[in-house]
Amino acid sequence: MFFKNMTEKQTIHWRKGAIIGFYTYLILLFIDLTYDLLFAANAFSTSFIFWGGLIAAFGTELIFNLKDKRKLRKSVS
C-alpha cells in the first residue's frame with residue numbers, strides 16, 4: 001500500500017549499491033581500527049562510518065537508476 005514494487009533492474013541496482021555500501025563499511029572500519037592500533041586514537045567517528053556506508057549504498061543505487069533512466073530516454077528518442 002505504501003511502497004511500490006521494484007522492477008528487476010531496480011532490484012539489481014539495489015543489490016549493487018548494498019555491496020558497495022558493505023565494502024565501504026569494511027574499508028572505513030579497517031582504516032579506523034588500524035589507526036586505533038597504531039596511534040591509540042580513532043581516525044573516524046562512528047557517525048561518519050555509519051553515514052558513509054549508508055550514503056555509499058543509496059548513492060550508488062541512485063546513480064545506477066539515473067543512468068538507466070537516461071539510457072531509456074535516449075533509446076526512445
Side-chain angles (χ1 to χ4, degrees):
M1 179 173 162
F2 294 109
F3 302 103
K4 68 175 187 160
N5 291 332
M6 293 172 61
T7 65
E8 186 65 31
K9 285 262 192 182
Q10 288 173 334
T11 304
I12 291 169
H13 294 160
W14 167 244
R15 286 185 185 143
K16 288 179 182 179
I19 290 169
I20 296 292
F22 176 73
Y23 282 119
T24 302
Y25 279 131
L26 286 179
I27 292 168
L28 290 176
L29 287 171
F30 175 76
I31 292 169
D32 191 53
L33 180 63
T34 304
Y35 192 86
D36 185 37
L37 290 173
L38 293 175
F39 304 110
N42 291 335
F44 306 119
S45 67
T46 54
S47 61
F48 176 79
I49 295 171
F50 174 75
W51 287 110
L54 280 179
I55 290 170
F58 286 109
T60 304
E61 178 200 13
L62 179 68
I63 289 169
F64 283 138
N65 285 335
L66 289 176
K67 286 175 90 174
D68 193 44
K69 282 183 183 179
R70 182 180 288 173
K71 190 186 299 183
L72 285 174
R73 286 183 186 161
K74 285 185 178 180
S75 66
V76 171
S77 297

**OP:** In sequence, state the C-alpha distance, the side-chain angles, and the governing distance for T34 and F39, and then conclude on side chain to side chain contact (heavy atoms under 4.5 Å, CB included).
**Re:** CA-CA 8 Å; T34 304; F39 304 110; over 6 Å; no
Less than 3.5 Å apart, which donor and acceptor atoms pair up between the side chains of residues 60-70 and the rest of the protein, not counting sequence neighbours?
residue, atom, partner, partner atom, Å
T60, OG1, A56, O, 2.6
N65, OD1, H13, ND1, 2.7
N65, ND2, E61, O, 3.4

Original post:
If two hydrophobic side chains count as joined below 4.5 Å and joins carry through other members, does F22 share a cluster with W14?
Top reply: no
Subject >> Gap separating the CH2 atom of W51 from the CD1 atom of I49, nearest 0.5 angstrom >> reply: 14.5 Å
**OP:** Find out if a path of hydrophobic residues (ILVMFWY) with successive side-chain heavy-atom gaps under 4.5 Å connects I31 to L54.
**Re:** yes
Original post:
With the 4.5 Å side-chain cut-off for hydrophobic clustering, are I27 and F44 part of the same group?
Top reply: yes
Original post:
How long is the span from the CG atom in L29 to the CG atom in D36, to the nearest 0.5 Å?
Top reply: 11.5 Å
**OP:** Verify the cluster assignment for I20 and L26: are they in a single hydrophobic cluster under the rule of side-chain heavy atoms below 4.5 Å apart?
**Re:** no
Original post:
Run the side chain to side chain contact (heavy atoms under 4.5 Å, CB included) check on Y25 and F30 step by step: do they pass?
Top reply: CA-CA 8 Å; Y25 279 131; F30 175 76; over 6 Å; no
**OP:** Under the side chain to side chain donor-acceptor pair (under 3.5 Å) rule, collect the residues that match up with T46, sequence neighbours excluded.
**Re:** none
Original post:
Taking D32 for the side chain and A43 for the main chain, is one N or O donor matched with an acceptor at less than 3.5 Å?
Top reply: yes
Original post:
Once you round to the nearest 0.5 Å, how far does NZ of K71 lie from NZ of K9?
Top reply: 5.5 Å
